[in-house]
Amino acid sequence: MTPSERQELIGQYKDGYDEVTKALEGFPADQLTAHPIANKWSAAEIIHHLADSETTSGWRLRRLLVEDHPLIQGYDQDVYATGLNYNQRDTAPSLEAFRSARATTAQLFDFMTDEDWQKEGTHSESGSYSSEDWLKIYAAHAHNHAAQIRRLREALTESAAATA
């Protein structure tokens, strides 16, 4: 990865929270737990997932930076969504946890050397896992979920129009 490619991904990562909050603008609060698209998470489930995922991802990067070839443990996000009652909880604390976790992790980028970006561990599900791999994944993560939230809002709008 070139330094300019890295900087572009860092910018995308830093913009992730804003992208999600923009996607939530105008989303009906009483529909955050709705499932207008079959077999897809609700907006509330996405928000809670982002909080848990960002917390986990922050620790992953920290472990890559300070431990010698750490084992990065995967987890079943659907089990978390069900077991942690994502669709029954208030989303405000999770949205703040997502913002905070992402902001504190973004601070690390200013101190990372080229050597730090090459540090590797092993992911329990995908094998070799470097700091650059981490950045590629999490730079896009929030944006992908923001797009999901927009699709959910569109599906809700279409459903409401069809029943009107």
Asks: Does one side chain, of Ser130 or Glu120, offer a donor that lies under 3.5 Å from an acceptor on the other?
Replies: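 Not at all, the side chains of Ser130 and Glu120 share no donor-acceptor pair under 3.5 Å.
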Asks: How close do Leu156 and Phe27 get, counting heavy atoms only, and between which atoms?
Replies: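 In this case the closest contact between Leu156 and Phe27 is CD1-CZ, 3.6 Å.
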Asks: What is the distance from atom CG of Leu135 to atom OG1 of Thr105, rounded to the nearest 0.5 Å?
Replies: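 Those atoms lie 11.5 Å apart.
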Asks: For the OG1 atom of Thr33 and the CD1 atom of Ile47, what is their distance to the nearest 0.5 Å?
Replies: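 Answer for the OG1-CD1 pair, Thr33 versus Ile47, is 10.5 Å.
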Asks: When you look at CD of Gln88, are more than 12 heavy atoms from neighbouring residues, nucleotides or ligands closer to it than 6.0 Å?
Replies: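 It does: Gln88 CD has more than 12 such atoms within range.
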Asks: Is the shortest side-chain N to carboxylate O distance from Asp114 to Lys119 below 4.0 Å?
Replies: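 Not counted as a salt bridge, because no side-chain N and carboxylate O are separated by less than 4.0 Å.
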Asks: Assess the side chains of Thr122 and His69: does a donor N or O sit below 3.5 Å from an acceptor N or O?
Replies: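 Yes.
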Asks: Between CG of Asp90 and CG of Leu32, what distance do you get to the nearest 0.5 Å?
Replies: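 One finds 9.5 Å between CG of Asp90 and CG of Leu32.
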Asks: Starting at CZ of Arg60, measure out to CD of Gln73 and round the result to the nearest 0.5 Å.
Replies: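 Nearest 0.5 Å value for the CZ-CD distance: 8.5 Å.
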Asks: Check the surroundings of atom CG in Asn85: do more than 12 heavy atoms from other residues, nucleotides or ligands lie under 6.0 Å from it?
Replies: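 It does: Asn85 CG has more than 12 such atoms within range.
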Asks: Hey, does Tyr17 have a side-chain heavy atom less than 4.5 Å from the side chain of Leu50?
Replies: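 SC-SC contact between Leu50 and Tyr17 ruled out.
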Asks: Could you check whether any side-chain N or O of Ser126 sits under 3.5 Å from a backbone N or O of His123, counting only pairs where one atom can act as donor and the other as acceptor?
Replies: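 Absent.
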Asks: Enumerate, atom names and distances included, each donor-acceptor pair closer than 3.5 Å involving a side-chain atom of residues 96-103, sequence neighbours excluded.
Replies:
residue: Glu96; atom: OE1; partner: Arg99; partner atom: NE; Å: 3.1
residue: Glu96; atom: OE2; partner: Arg99; partner atom: NE; Å: 3.2
residue: Glu96; atom: OE2; partner: Arg99; partner atom: NH2; Å: 2.6
residue: Arg102; atom: NE; partner: Glu54; partner atom: OE1; Å: 3.3
residue: Arg102; atom: NE; partner: Glu54; partner atom: OE2; Å: 3.4
residue: Arg102; atom: NH1; partner: Tyr13; partner atom: O; Å: 2.7
residue: Arg102; atom: NH2; partner: Glu54; partner atom: OE2; Å: 2.6
residue: Arg102; atom: NH2; partner: Tyr138; partner atom: O; Å: 3.0

Asks: Taking the side chain as every heavy atom from C-beta outward, state whether Arg6 and Lys136 have any atom pair closer than 4.5 Å.
Replies: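 They are not in side-chain contact.
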Asks: So which atom in Ala139 and which in Gln12 form the shortest heavy-atom distance, rounded to 0.1 Å?
Replies: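 That closest heavy-atom pairing would be O-CG, 3.2 Å.
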Asks: To the nearest 0.5 angstrom, please state how far the CG atom of Asp133 sits from the CG atom of Leu61.
Replies: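 Spacing of CG (Asp133) from CG (Leu61) equals 11.5 Å.
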Asks: Within the structure provided, determine whether Leu64 and Trp59 are in side-chain contact (heavy-atom separation under 4.5 Å).
Replies: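 Not touching, per the 4.5 Å side-chain cut-off.
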Asks: Are a donor atom and an acceptor atom from the side chains of His145 and Gln148 found within less than 3.5 Å of each other?
Replies: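 His145 vs Gln148: donor-acceptor pair found between side chains.
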Asks: Can Glu154 and Thr157 be counted as having a side-chain donor-acceptor contact under 3.5 angstrom?
Replies: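 Side-chain D/A pair, Glu154 to Thr157: absent.
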Asks: Kindly work out whether a path of hydrophobic side-chain contacts (I/L/V/M/F/W/Y, heavy atoms less than 4.5 Å apart) joins Val66 to Phe109.
Replies: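 Yes; tracing contacts between hydrophobic side chains, which count when under 4.5 Å, links both residues.
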Asks: Mind checking the CG-CH2 spacing from Asn87 to Trp41? Nearest 0.5 Å is all I need.
Replies: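 Reported to 0.5 Å precision, the distance equals 11.0 Å.
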Asks: Minimum heavy-atom separation for His48 and Ser94, please, with both atom names.
Replies: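 Looking at all heavy atoms of both residues, the closest pair is ND1-OG, 2.6 Å.
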Asks: Do Ile10 and Val20 belong together in a cluster built from hydrophobic side chains that touch within less than 4.5 Å?
Replies: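 No, separate clusters.
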Asks: Distance-only, no hydrogens or angles: does the Arg153 side chain make a donor-acceptor pair with backbone N or O of Ala23 under 3.5 Å?
Replies: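 Yes, Arg153 side chain to Ala23 backbone: donor-acceptor pair under 3.5 Å.
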Asks: Closest approach of Asp76 and Asp78, non-hydrogen atoms and distance?
Replies: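 Result for this residue pair: OD1-N, 3.0 Å.
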Asks: Answer yes or no: is there a side-chain heavy-atom contact under 4.5 Å between Ser53 and His141?
Replies: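 SC-SC contact between Ser53 and His141 confirmed.
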Asks: Would you say the side-chain atoms of Trp134 pair up with the backbone N or O of Tyr129, donor to acceptor, closer than 3.5 Å?
Replies: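 Between the backbone of Tyr129 and the side chain of Trp134 there is no qualifying donor-acceptor contact (under 3.5 Å).
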Asks: Just so I know, are the side chains of His35 and Leu152 near enough to count as touching, which here means a heavy-atom distance under 4.5 Å?
Replies: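 The answer is no, as the side chains (C-beta and beyond) never meet within the 4.5 Å cut-off.
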Asks: I'd like to check Met1 versus Leu9 (side-chain heavy atoms, cut-off strictly below 4.5 Å). Are they in contact?
Replies: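 Met1 vs Leu9: side chains touch.
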Asks: Could you tell me which non-hydrogen atom of Lys14 sits nearest to which non-hydrogen atom of Asp110, and how far apart they are?
Replies: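 Residues Lys14 and Asp110, closest heavy atoms: NZ-OD1, 4.3 Å.
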Asks: When you look at Asp116 and Ser131, which way does the side chain to side chain contact (heavy atoms under 4.5 Å, CB included) test go after all the steps?
Replies: CA-CA 7 Å; Asp116 289 331; Ser131 298; 5.6 Å; no
Asks: For Glu8, does the CD atom have more than 12 heavy-atom neighbours from other residues, nucleotides or ligands under 6.0 Å away?
Replies: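 No, CD of Glu8 has 12 or fewer neighbouring heavy atoms, counting only those of other groups under 6.0 Å.
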Asks: Determine, stepwise, if the pair Ser42 / Glu45 fulfils side-chain hydrogen bond (donor to acceptor under 3.5 Å, both in side chains).
Replies: CA-CA 5 Å; Ser42 68; Glu45 289 166 326; 3.3 Å; yes
Asks: How far apart are the closest heavy atoms of Arg63 and Leu71, and which atoms are they?
Replies: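 Here Arg63 and Leu71 meet closest at NH1-O, 2.6 Å.
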Asks: Take Arg150 and Glu19, measure what salt bridge (charged side-chain N to carboxylate O under 4.0 Å, His left out) needs, and give me the verdict at the end.
Replies: CA-CA 11 Å; Arg150 287 185 184 95; Glu19 189 70 17; 3.0 Å; yes
Asks: List, by chain and then residue number, the residues other than Tyr75 in its hydrophobic cluster (Ile/Leu/Val/Met/Phe/Trp/Tyr, side-chain heavy atoms under 4.5 Å); write none if there are no others.
Replies: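 Hydrophobic cluster check, Tyr75: joined to Tyr80, Leu84, Tyr86.
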